[in-house]
Participant: 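Have a look at the structure that comes next, please.
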Number of protein chains: 2
Amino acid sequence: MRDNNSDLRVIRTKESIRDALVELIDEKGFEAITVKDITTRAKINRGTFYAHYQDKYDLMTKFEEEIMFEMSRIAKQNFPGVIAALGTNSPTLAPFSLAVSLFEYLNENNGFMKAVLGPKGDLSFQTRLKDFMWKTIYGNDVNAIIKEENLLVPGQYLISYIASAHIGVIQQWLNSGMKESPQEMARILSTITVNGPLFAAGLKK
Amino acid sequence: MRDNNSDLRVIRTKESIRDALVELIDEKGFEAITVKDITTRAKINRGTFYAHYQDKYDLMTKFEEEIMFEMSRIAKQNFPGVIAALGTNSPTLAPFSLAVSLFEYLNENNGFMKAVLGPKGDLSFQTRLKDFMWKTIYGNDVNAIIKEENLLVPGQYLISYIASAHIGVIQQWLNSGMKESPQEMARILSTITVNGPLFAAGLKK
DNA sequence: ATAATAAACAACAGGTTGTTCGTTATTATA
DNA sequence: TATAATAACGAACAACCTGTTGTTTATTAT
């Protein structure tokens, strides 16, 4: 058999397409991009694009899925420790190291992440990223820690609050030049989440 | 003069266009919509559309600006009280009534809001909404209350956190059928923001 | 009643989209 | 290294959407 994806021409082509995509999202926004834009920038024939992807959405989805898969892997790796820590009196250590790992991954893929999470990015990715956080929070035996009867607000809103807040901070970090280290970002997020926004603002003791 | 926008034909046409737009965003998402879709649904000639708007983005922008203007009006109206309350020991009363007013407004315009803030909506509107919250928080003499030296985290991340969190909760509310009252939603948001997510989850006393 | 003008209708060039040819160039492998 | 497989190319296609324009019809304000 010879139908593998190891043909150098395929690898080269796909890489050119991805590079072109990231550049173009930054320049004109994902939705304004045409397949012709991509192939012109990637210096390949338009027909070649359609040999690999159905359309620009298919391309984007496949790209995003790889990113999500990797983030999921990192999360799964660190989650047992997080669950264990949440029950204790110092619920910041394990979540902190998970956050650091994720920020390091974002840092490595900052070209794509900045483009896709930016103001000209892809709304569906942000939606999927929130879904991912939902499932990560809800699906991982958190029920063992967080009991419905202890919640002061409906669970769905609490999760939406936390997930959106975290993504918002990530976006701000990416768009303002990633000047803080992954460690510092993890500290910022856990400070606000553990103590609350008002405390972090110095308005509450 | 007769160049006013009071001609019944104009009013009828613009209303048809807006109704069609909201319907179509819900069905196929803003970006997938063509001008032809809109005019077919609105039962008007395509040329008529171009007599009023440059393209679908122009239509969307004008629609959104009216919404933003109204939200800004509501915010400005309630802000003096919010500023005053933040300094006191009960910093929830005035912000609470502002939140109620805003949720009531969202409720009135739920067709548009649900469409535009939903997963098939308009990313640029969400970006503009965050900018609006930024300016509302930063620009309104908050400096008199929030002092940079008291912040435990950089101000830009704190604001991004709060703004994104609030929008996320609003989205969740709109997409899950708006079953809670504006009052209840205001309570939920202030509970999490004042006491912090971990406290609201029952994980902290 | 009538002048003003919004909306409809029709046609236009220019652009993008998928798709399909035959041809050329590159690759994997024996 | 020779060769069979196949990726990529170039060109062409109908179908569709976009703005725009000129003409005609219908509605509106006064």
Side-chain angles (χ1 to χ4, degrees), chain A residues 1-63 66 115 120-124, chain B residues 1-63 66 115 120-124:
Chain A
M1 293 225 274
R2 235 174 125 183
D3 59 340
N4 26 341
N5 267 17
S6 65
D7 193 310
L8 291 180
R9 289 167 294 184
V10 176
I11 296 172
R12 232 186 293 130
T13 299
K14 289 194 172 178
E15 218 170 81
S16 303
I17 290 177
R18 288 191 172 196
D19 290 346
L21 177 68
V22 170
E23 281 178 33
L24 286 165
I25 293 176
D26 247 350
E27 288 172 26
K28 43 158 60 183
F30 175 64
E31 288 300 341
I33 297 173
T34 66
V35 172
K36 198 175 190 249
D37 286 335
I38 298 170
T39 56
T40 302
R41 180 70 60 104
K43 294 192 189 72
I44 60 161
N45 189 272
R46 203 160 55 84
T48 304
F49 178 93
Y50 287 107
H52 294 292
Y53 306 102
Q54 285 183 7
D55 49 34
K56 67 168 179 169
Y57 297 98
D58 184 40
L59 162 65
M60 196 64 169
T61 303
K62 281 174 176 156
F63 204 159
E66 287 184 30
K120 293 177 192 165
D122 178 18
L123 181 57
S124 84
Chain B
M1 294 230 271
R2 236 172 122 183
D3 60 339
N4 26 340
N5 267 16
S6 64
D7 193 310
L8 291 181
R9 291 166 294 184
V10 176
I11 295 171
R12 235 187 290 131
T13 299
K14 288 195 172 177
E15 218 170 80
S16 304
I17 290 176
R18 288 192 171 196
D19 290 346
L21 176 68
V22 170
E23 281 179 33
L24 286 165
I25 292 176
D26 248 349
E27 288 172 27
K28 44 159 59 183
F30 175 65
E31 288 300 339
I33 296 173
T34 67
V35 171
K36 199 175 189 245
D37 286 333
I38 298 170
T39 56
T40 302
R41 180 69 61 103
K43 295 192 189 71
I44 60 160
N45 188 271
R46 203 162 54 86
T48 305
F49 178 94
Y50 287 108
H52 294 292
Y53 305 103
Q54 285 183 5
D55 49 34
K56 67 168 178 168
Y57 297 99
D58 184 41
L59 161 65
M60 196 64 169
T61 302
K62 281 175 176 156
F63 205 160
E66 287 184 29
K120 295 175 190 165
D122 178 17
L123 181 58
S124 85

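What you see is a predicted model, and the numbers here were worked out from it, not measured in a lab. The chains referred to below are lettered A, B, ... by the order of the sequence lines, with proteins before strands, and numbering in each begins at 1.
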Participant: Looking only at side-chain N and O atoms, does B:H52 come under 4.0 Å of OP1 or OP2 in C:dA7?
Facilitator: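 Result: yes.
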
Participant: In whole Å, I'd like the distance from the NZ atom of B:K43 to the C1' atom of C:dA6.
Facilitator: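 Result: 19 Å.
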
Participant: Flag the pair A:D55 / A:D58 as yes when at least one side-chain heavy-atom distance between them is below 4.5 Å, and no otherwise.
Facilitator: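 Heavy-atom side-chain distance check passes, below 4.5 Å.
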
Participant: Could you check which of C:dT27, D:dT28, C:dA8 has an atom nearest any side-chain atom of B:D7?
Facilitator: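 The closest nucleotide is D:dT28.
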
Participant: Has the side chain of B:K56 got a donor or acceptor atom that lies under 3.5 Å from a matching backbone atom of B:F30?
Facilitator: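 The answer is yes, because a donor-acceptor pair under 3.5 Å joins these two groups.
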
Participant: Do the non-hydrogen side-chain atoms of B:I33 and B:L21 ever get within less than 4.5 Å of each other?
Facilitator: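 In contact.
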
Participant: Measure the spacing between CZ of B:R18 and NZ of B:K62 and express it to the nearest 0.5 Å.
Facilitator: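 Reported to 0.5 Å precision, the distance equals 10.0 Å.
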
Participant: Are A:I17 and A:I44 side-chain neighbours, meaning at least one heavy-atom pair lies under 4.5 Å?
Facilitator: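 Answer yes - side chains close enough.
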
Participant: Any chance you could measure A:S124, atom OG, to B:L123, atom CG, to the nearest 0.5 Å?
Facilitator: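 So the OG of A:S124 and the CG of B:L123 are separated by 10.5 Å.
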
Participant: Give a yes/no answer on whether the side chain of B:T48 brings an N or O atom under 4.0 Å of OP1 or OP2 in C:dA8.
Facilitator: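 Answer yes for this pair, as a side-chain N or O of B:T48 is under 4.0 Å from OP1 or OP2.
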
Participant: Could one point to a donor on the side chain of A:R9 or the base of C:dT26 with an acceptor on the other under 3.5 Å away?
Facilitator: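 Answer yes: a donor N or O sits under 3.5 Å from an acceptor.
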
Participant: I'd like to know if B:D37 and B:K28 make a salt bridge, using a cut-off of under 4.0 Å between side-chain N and carboxylate O.
Facilitator: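 Salt bridge: yes.
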
Participant: Give, for atom CD1 of A:I38 and atom CG of A:D19, the distance between the pair rounded to the nearest 0.5 Å.
Facilitator: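 Separation between the atoms: 12.0 Å.
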
Participant: Measure from CG on B:N45 to P on D:dA26 and round the result to the nearest Å.
Facilitator: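 Roughly 14 Å, once rounded to whole Å.
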
Participant: To the nearest 0.5 Å, what is the distance between CG on B:D122 and OG1 on B:T61?
Facilitator: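 B:D122 CG to B:T61 OG1: 7.5 Å, rounded to 0.5 Å.
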
Participant: A:I44 has an atom CD1; how far is it from atom P of D:dA11, in whole Å?
Facilitator: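 For the pair A:I44 CD1 and D:dA11 P, the rounded distance is 16 Å.
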
Participant: Side chains of B:K14 and B:Y53: closer than 4.5 Å at any heavy-atom pair?
Facilitator: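 Touching, per the 4.5 Å side-chain cut-off.
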
Participant: Let me check I have this right: for DNA chain C, each base becomes ., (, ), [, ] or |, based on Watson-Crick or G-U pairs with both distances under 3.5 Å. What is the full string?
Facilitator: |||||||||||.|||||.||||||||||||

Participant: Using 0.5 Å steps for rounding, measure from the NZ atom of B:K120 to the CD1 atom of B:I25.
Facilitator: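 These two atoms lie 11.0 Å from each other.
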
Participant: In whole Å, I'd like the distance from the CZ atom of B:F49 to the P atom of C:dA6.
Facilitator: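 From B:F49 CZ to C:dA6 P: 17 Å.
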
Participant: Identify each atom pair where a protein N or O and an N or O of nucleotides 17-21 of chain D are less than 3.5 Å apart, giving names and distance.
Facilitator:
unit_1, atom_1, unit_2, atom_2, d
D:dT18, OP1, B:V35, N, 3.0
D:dT18, OP2, B:V35, N, 3.4
D:dT18, OP2, B:K36, N, 3.3
D:dG19, OP2, B:Y50, OH, 3.2
D:dG19, N7, B:R46, NH1, 3.1
D:dG19, O6, B:R46, NH2, 3.2

Participant: Rounded to whole angstrom units, what separation is found between the CG atom of A:D58 and the P atom of C:dG18?
Facilitator: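 Interatomic distance, CG of A:D58 to P of C:dG18: 11 Å.
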
Participant: Check each residue of residues 12-30 of chain B for a non-hydrogen atom within less than 4.0 Å of any atom in DNA chain C, then write out the ones that pass by number, or none.
Facilitator: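 Those residues are B:T13.
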
